[in-house]
There are 2 protein chains.
Amino acid sequence: MTALRKPSRASVLRLELYLEVIDQFQKEGRTHITSAEIGEALGIPDVKVRQDMFGLGTAGRPRVGYEVEHLARLIREVFDIDRPKSACIVGFGNLGRALAGSNIWPRAGFKLTSVFDRDPNVIGTEFGDIRVRSVAELIGVVKTEKIEAGVITVPASAAQETADLLVLAGVKAIWNFAPVKVFTPESVVVEDQSLSWGLVTLSYRLKTNQ
Amino acid sequence: MTALRKPSRASVLRLELYLEVIDQFQKEGRTHITSAEIGEALGIPDVKVRQDMFGLGTAGRPRVGYEVEHLARLIREVFDIDRPKSACIVGFGNLGRALAGSNIWPRAGFKLTSVFDRDPNVIGTEFGDIRVRSVAELIGVVKTEKIEAGVITVPASAAQETADLLVLAGVKAIWNFAPVKVFTPESVVVEDQSLSWGLVTLSYRLKTNQ
DNA sequence: TAGATTGTTAATCGATTAACAATC
DNA sequence: TAGATTGTTAATCGATTAACAATC
């Protein structure tokens, strides 16, 4: 309900990390946390933490710090974590399987409700309580299950057509693991998380020690 | 051999994408590519592409564009892709398995030579031509195989101790998939690629349509 | 009151965009 | 020569850092 100023892009990336630290403190029974404590846990200057909090609408008290519960709530609100959202995975290879079996979904407020593949040998296999379906069913399922986000874990060559299909089905966000840019209408956001690009970046940083 | 000016951080991230496009053009038999063509393929303004090239030491000809072979070589040099490097994975869960089975390694000039885990049930299992070993063997193996990079795919709670072990063994780069910051000496770079953070970012972008 | 900590503005730095010159 | 395309500097914008004021 708080009137939030929109945090800057750089700030958003950090707020995400803060949440992790705050949750940790909360688990340890702490009720308050200082900007210095958050900064120390992440290797970030305390001033930067405070300025991010400032952008968030501020909530701290001198000599005491920030109330962890309140702060966690604020940040969860920024990321819309507490609103239940549905997601589906397209491409049930090794990576799709790893994502399907991971515990990341509830932590971001998502429920993984469906998995699609186009390989007849994979279609119909079970994974936990999810049965892999044909991509031919995608549009119908996305609509009936009100899926808002699609994950692309197909080969690069099939990434754009998969994105097109997801857009047609009506998802509003795409998490793209293929090492290519996919194009979508402005109303559909794309978050790239190519492992390939990550590894190349690692090579660069290894070389430059940066 | 070219004397390269060091590209800016933001520019580096883009150069990586350019390489993908350039390779594509090369496969199609094209010998030259213009900044507009690169930009179009990635949704980036052509001027920005040219300025990145400028930072790279420039190589284009008006009316003709950039020679793909030369450009690819320059960028590969920036990322040190053509120098053979060895890497190991620590943590052979779903994600470790997906990474081990992926084709990203040679594309960045890496060879995955070893995989470690601490679960006795996992140790000794085979995956392709790799046998999973105990983390107890890590230090010795990293030294004898001259492994330069370690991948952390263990649970968050074990991430820091894994990083410590890798540092002790002598790796110079860590690719961290755990959703926590790990601390290392300045001589060891850490590239974070937490899927958890990626999904939270997706949630944010879904909410704000940014 | 003194000291610790947060809140806020100003100065610096880096990256992007705009403008135009140079070249094939 | 005209036009397409690259090369380079200047202006703008945004993010970080520095400085200090405010508050418990």
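Residue numbers begin at 1 in each chain, while the letters A, B, ... track the order of the sequences.
- Atom P of nucleotide dA19(C) and atom CZ of Arg50(B) are separated by 14 Å, given to the nearest angstrom.
- Pair check for dC24(D) finds dG3(C); Watson-Crick or G-U wobble, both atom distances under 3.5 Å.
- Counting non-hydrogen atoms under 4.0 angstrom, Ser11(B) reaches nothing in the nucleic acid.
- The pair Glu148(A)-Lys111(A) does not count as a salt bridge, with every side-chain nitrogen at least 4.0 angstrom from each carboxylate oxygen.
- A pairwise comparison of heavy atoms in Gln160(B) and Lys181(B) identifies OE1-O, 4.2 Å as the closest pair.
- Note: CD (Glu37(B)) to P (dT6(D)) measures 9 Å, nearest angstrom.
- The phosphate of dT5(C) has neither OP1 nor OP2 within less than 4.0 Å of any side-chain N or O from Thr34(A).
- In this structure, dA19(D) forms a base pair with dT8(C), meeting either the Watson-Crick or the G-U wobble geometry with both donor-acceptor distances under 3.5 Å.
- Spacing between atom CG of Leu13(B) and atom C1' of dA15(C) amounts to 12 Å, rounded to whole angstrom units.
- One interatomic measurement links the two molecules: CD1 of Ile44(B) to P of dT17(C), which rounds to 10 Å at whole-angstrom precision.
- Separating the NE2 atom of His32(B) from the C1' atom of dT6(D) is a distance of 13 Å, rounded to the nearest angstrom.
- Using modelled atom types, one finds no donor on one side chain facing an acceptor on the other under 3.5 Å when comparing Glu145(B) with Ser86(B).
- For Ser8(A) and dG14(D), the shortest distance from a side-chain N or O to OP1 or OP2 is not below 4.0 Å.
- Atom CG of Asp52(A) and atom C1' of dG14(D) are 14 Å apart (whole Å).
- Nearest to the side-chain atoms of Pro45(B) among the listed nucleotides dT17(C), dT6(C), dG7(D) stands dT17(C).
- As rounded to whole Å, 17 Å separates atom P of dT6(C) from atom NZ of Lys48(A).
- In terms of phosphate contacts, Thr58(B) brings a side-chain nitrogen or oxygen within less than 4.0 Å of OP1 or OP2 of dG7(D).
- The residue among Ala10(A) and Arg63(A) whose nearest nucleotide of DNA chain D is located toward the 5' end is Ala10(A).
- Using modelled atom types and a 3.5 Å distance limit, the side chains of Asp80(A) and Tyr204(B) yield no donor-acceptor pair.
- With respect to Arg30(A) and Glu69(A), no salt bridge is recorded, no charged nitrogen being found less than 4.0 Å from a carboxylate O.
- We find that CZ of Phe54(B) is positioned 13 Å from C1' of dA21(C), with the value rounded to whole Å.
- In terms of polar N and O atoms assigned as donor or acceptor, the side chain of Gln51(A) never comes within less than 3.5 Å of the base of dT8(C) in a complementary pairing.
- The residue Arg61(B) sits close only to the backbone: its heavy atoms come under 4.0 Å of sugar-phosphate atoms, none of a base.
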